[in-house]
Amino acid sequence: MILQMMMQAAQQGMSPQQFFQQNAGNPAVAQIAKIAQGKSREQLMETASNMASQRGTNLDAIARQMGIPYKG
């Protein structure tokens, strides 16, 4: 759900900072913002990959489901 919200915001030209500010009242978004704070792109990708793995999937499968081109 949050990922879909983030993708829609990105498609509308919203920056990640704007997304987090606009949705600061959502506890799930606040948790993601806390996880992402201060991490590099590589660290964020590793975190996302680990989270997907914990749920029995991977980033390639998630990207395919959402129609996003991704080469992991």
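Nearest heavy-atom pair across A24 and A30 is O-CB, 4.2 Å.
Inter-residue side-chain proximity for F20 and M6 is flagged as met; some heavy-atom pair is nearer than 4.5 Å. Counting only heavy atoms from C-beta outward, the side chains of I2 and N23 never approach each other to under 4.5 Å. Counting heavy atoms from C-beta on, the side chains of V29 and Q22 never come closer than 4.5 Å.
Rounding to the nearest 0.5 Å gives a distance of 10.5 Å between CZ of R55 and CG of N50. Going from atom CG of D60 over to atom CD of Q65 covers 11.5 Å, rounded to the nearest 0.5 Å. One distance of note links CG of L59 with CD of E46; it measures 11.0 Å at 0.5 Å rounding.
Between the T47 side chain and the Q43 main chain, a donor and an acceptor come within less than 3.5 Å of each other.
Heavy-atom neighbours of Q18 CD from other residues, nucleotides or ligands within 6.0 Å: above the threshold of 12.
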